[in-house]
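Working notes for the structure below.
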Amino acid sequence: MRPLHVVTAALVAAGVIAIVVARDRAGDSHVATSPAPPDSGPHRQAVTLDGRRQQLAGVRAEPVTRGTIARVIHGVGPLILDETRLTDINVKLDGWIRELYVNYTGQEVRRGNALFALYSQELVGAQLQYLAALRAREQLTPAQAADRDYQERLIETPRKRLQYWDFPEDQLRALEKGGQALDAVIFRSPADGMVIEKMATKGMHVQAGQTLYRLADMSFVWIDANVNPADLLHVRAGQKAAVTIAIQPEERISGRVLHVFPAVSESSKSARLRIEVPNKSGQLRPGMFASVDIEVDPEQGLVVPEDAVIDSGRRHTVFVATGNGRFEPRDVDVGLHADNRYLVRSGLTEGEEVVTRSTFMLDSESQLSAALHDYSSTSGPKVVSSNEPQAALSFLTDPSAARIGKNQLEVQLLGADRAPLTDAVITVQFYMAPMPSMNMPAMRADSRLEHVGAGVYRGTGTFSMAGPWDVTVVASRNGTQIAEKRLSVVVAR
């Protein structure tokens, strides 16, 4: 076996594990390893586990089946006003407000409701000019019939001016009938809506173009929902959306996608959709919070559980159970992801079994096996062939029931003739499988034993956690492996 630092360098170069070396007081080295970042694109190799190790690691496999996945895109966001249903109310001439009929924010207004009465010198002057033109037409004699067309044009001028200033039609008829100029003209609402801004007050002086009210038609509201940017590929304007308001979780309202915003928020890294929702009951108000579900067109095909797929960022990998405890890593092309399932486009066939539990343990073991294989194929110790003499070794710990922390290790090595071998290199590797439920990665440690006489080799090894550890003892001479022993050690607290 190569020296410890050579093996360490090889594993780091392979890009599979990150290694931390610590030295205890007695001078013995042990190696703790952790998986390398998944996006580094590691090589993988098939893994073989006996039944006991599968049971300890909790390995479970399920068959690949055919099914249908209907993905639902989820989004959340606040209710806002429909910008296309806002009305700004102002005046087109100077004057003073004599009376105010809509006098608080939030008041409901219908088309034609009186808003305020305005006195304006320009309005009074235009009314007087209009009345004078009407009287002049009435005083024409039959002999002056040729002048009637001219007089009609004179009437049309002040009438148009009043209409341009939004002089109400009902008051224009009252003006014609009464023949008396109105001192204050009542202006009415041009639309239905709720008053969301009110600047008008009784007695105030207003100028042409000054906004006095802003109305919002609440028959429809919008939701600006934040969604995952990856979901934009599946959303288009016009799609139906199911909306749930936070204060009414039992009620679902049907809306539609109005607009898909083209940019992604730099701060939240989320995309935004605009949903239009009818407000028939009038209970929806801006500022309420809502959740949105948009169902994507379903797809049919091979389906595997979400836990079976390892997503490295560059590729998706599953472990296929091929029988006799062998698990083969295989890259797959996945599609829709919903309801804790993936749709698989290629890489699997129906009926094959994929691992759905302890996949990360298998992935760690697979990457390590691949790295060791690459190392041994180039510079590792040669394994003795079947016709070469074999050595025998035994392994003990002191105390005999290993405990957390430092333990004494002892190996006795005998040749094929049962004579002690005194010039071998003995290494001991400890391995504990990962525990995903506890967010704990796999743990490994290595120790090298020294010959103390009569084929006995001693050293120390450190167990960092209680539980079952897999132990592998390897003996080599002159770069050739001559013996190997694998066993399980249960470490007590």
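Source: prediction; values computed, not measured.
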Exercise for the section: With Arg214 as reference, evaluate Asn90, Asp88, Thr105 under the side chain to side chain donor-acceptor pair (under 3.5 Å) test and give the passing residue. Expected result: Asp88
Exercise for the section: Output yes when Glu276 and Arg274 qualify as a salt bridge under the 4.0 Å nitrogen-oxygen rule, no when they do not. Expected result: no
Problem - Residues Asp166, Arg188: salt bridge by 4.0 Å N-O rule - result: no
Handout entry: Any Thr84 side-chain heavy atom under 4.5 Å of Trp222 side chain
Key = yes
Problem - Ser189 side, atom OG; Ile89 side, atom CD1 - distance, nearest 0.5 Å - result: 4.5 Å
Problem - Exercise: identify the closest heavy-atom pair between Ala126 and Pro158 - result: O-CB, 4.0 Å
Practice task
Ignoring hydrogens and angles, state whether a donor on the side chain of Thr356 or Asp307 is under 3.5 Å from an acceptor on the partner side chain.
Solution key: no
Problem - Heavy-atom donor-acceptor pair, Ser120 side chain to Asp94 backbone, under 3.5 Å - result: yes
Handout entry: Pair Arg159 + Glu156, salt bridge at N-O below 4.0 Å
Key = yes
Fill in the blank from the handout: To the nearest 0.5 Å, atom CD of Glu176 lies from atom CD1 of Ile155 at 9.0 Å
Problem - Working for side-chain contact (heavy atoms from CB on, under 4.5 Å), residues His316 and Ile310 - result: CA-CA 6 Å; His316 297 84; Ile310 300 172; over 6 Å; no
Exercise for the section: Examine distances only and state if a side-chain atom of Gln55 and a backbone atom of Arg52 form a donor-acceptor pair shorter than 3.5 Å. Expected result: no
Handout entry: His74 and Asp293: side chain donor to acceptor below 3.5 Å
Key = yes
Problem - Any donor-acceptor N or O pair under 3.5 Å, side chains Thr317, Asp331 - result: yes
Practice task
Assess whether ring pair (Phe, Tyr, Trp, His ring centres under 6.0 Å) is satisfied between Phe463 and Trp469, documenting all intermediate values.
Solution key: CA-CA 9 Å; Phe463 295 99; Trp469 288 76; 5.6 Å; yes
Problem - Backbone of Ala57 reached by a side-chain donor or acceptor of Ser358 within 3.5 Å - result: yes
Completion exercise
Between Ser291 and the options Thr244, Val243, Ile223, the side-chain contact (heavy atoms from CB on, under 4.5 Å) test singles out Thr244
Practice task
May I ask you to test the Leu49-Val59 pair for a side-chain heavy-atom distance under 4.5 Å?
Solution key: yes
Problem - Separation of Asp470 CG from Arg53 CZ (nearest 0.5 Å) - result: 4.5 Å
Handout entry: More than 12 heavy atoms from other groups under 6.0 Å of CD on Glu266
Key = no
Exercise for the section: Kindly indicate, with the supporting measurements, whether the criterion side-chain contact (heavy atoms from CB on, under 4.5 Å) is fulfilled by Tyr119 and Val124. Expected result: CA-CA 8 Å; Tyr119 164 76; Val124 172; 3.9 Å; yes
Practice task
Spell out, as yes or no, whether a donor-acceptor pair under 3.5 Å connects the side chain of Gln127 to the backbone of Leu182.
Solution key: yes
Problem - Reported CZ-to-CD1 distance for the pair Phe187 and Ile97, which is rounded to 0.5 angstrom - result: 10.5 Å
Exercise for the section: Could you check if a side-chain atom of Arg98 sits within less than 4.5 angstrom of a side-chain atom of Phe116, using non-hydrogen atoms only? Expected result: no
Handout entry: From Leu162 atom CG to Leu123 atom CG, the distance as rounded to the nearest 0.5 Å
Key = 7.0 Å
Handout entry: Close side-chain approach of Thr65 and Val304, heavy atoms under 4.5 Å
Key = no
Completion exercise
On a heavy-atom basis, the closest approach of Val227 and Gly75 is CG1-CA, 3.8 Å
Exercise for the section: Take atom OH of Tyr164 as the centre, draw a 6.0 Å sphere, and report whether it contains more than 12 heavy atoms from other residues, nucleotides or ligands. Expected result: no
Practice task
Assess Arg272 against Phe261: is NZ or CZ under 6.0 Å from the centre of the six-membered ring, and within 45 degrees of the ring's axis?
Solution key: yes
Exercise for the section: Decide yes or no on side-chain contact (heavy atoms from CB on, under 4.5 Å) for Met465 and Met443, but give the supporting numbers first. Expected result: CA-CA 9 Å; Met465 184 175 179; Met443 290 181 287; 3.5 Å; yes
Exercise for the section: List the steps and the verdict of side-chain contact (heavy atoms from CB on, under 4.5 Å) for Leu343 and Leu302. Expected result: CA-CA 6 Å; Leu343 191 74; Leu302 297 180; over 6 Å; no
Practice task
Would you check if the side chain of Glu251 reaches a backbone N or O of Gln248 as a donor-acceptor pair within less than 3.5 Å?
Solution key: no
Handout entry: Heavy-atom pair of closest approach, residues Arg135 and Gly179
Key = NH2-O, 3.2 Å
Problem - Carboxylate-amine/guanidinium proximity below 4.0 Å for Glu295 and Lys240 - result: no
Exercise for the section: Taking the side chain as every heavy atom from C-beta outward, state whether Met218 and Arg85 have any atom pair closer than 4.5 Å. Expected result: no
Problem - Short side-chain to backbone donor-acceptor contact, Gln171 and Ile186, under 3.5 Å - result: yes
Exercise for the section: Would you confirm whether Arg345, through its side chain, and Val334, through its main-chain N or O, come within 3.5 Å as a donor-acceptor pair? Expected result: yes
Problem - Thr211 vs Met199 side-chain heavy atoms within contact, under 4.5 Å - result: yes
Handout entry: Side chains of Arg161 and Gln129, donor plus acceptor under 3.5 Å
Key = yes
Exercise for the section: Could you check whether the rings of Tyr342 and His337 sit parallel, tilted or perpendicular, using 30° and 60° as the cut-offs? Expected result: parallel
Problem - N/O donor-acceptor pair under 3.5 Å between Lys198 side chain and Val195 backbone - result: no
Practice task
State plainly whether the residues Asp192 and Arg111 are in salt-bridge range, i.e. N to O under 4.0 Å.
Solution key: no
Handout entry: Donor-acceptor contact below 3.5 Å, side chain Asp231 vs main chain Val235
Key = no
Exercise for the section: First locate atom CD of Glu328, then atom CG of Leu362, and finally report the distance between them rounded to the nearest 0.5 Å. Expected result: 12.5 Å
Handout entry: Closest approach of Gln107 to Val102 (non-hydrogen atoms, all atoms of both residues)
Key = OE1-CG1, 3.5 Å
Practice task
Grab the two heavy atoms, one from Phe220 and one from Pro278, that are nearest each other, plus how far apart they are.
Solution key: CD2-CA, 3.6 Å
Practice task
State plainly whether the residues Lys202 and Glu99 are in salt-bridge range, i.e. N to O under 4.0 Å.
Solution key: yes
Handout entry: Side-chain heavy-atom pair Ile245, Ile253 within 4.5 angstrom cut-off
Key = yes
Practice task
Decide yes or no for Ile275 and Gln239: does some side-chain heavy atom of the first lie under 4.5 Å from some side-chain heavy atom of the second?
Solution key: no
Handout entry: Minimum-distance pair of heavy atoms, taken over all atoms of Ala191 and Thr87
Key = CB-OG1, 3.7 Å
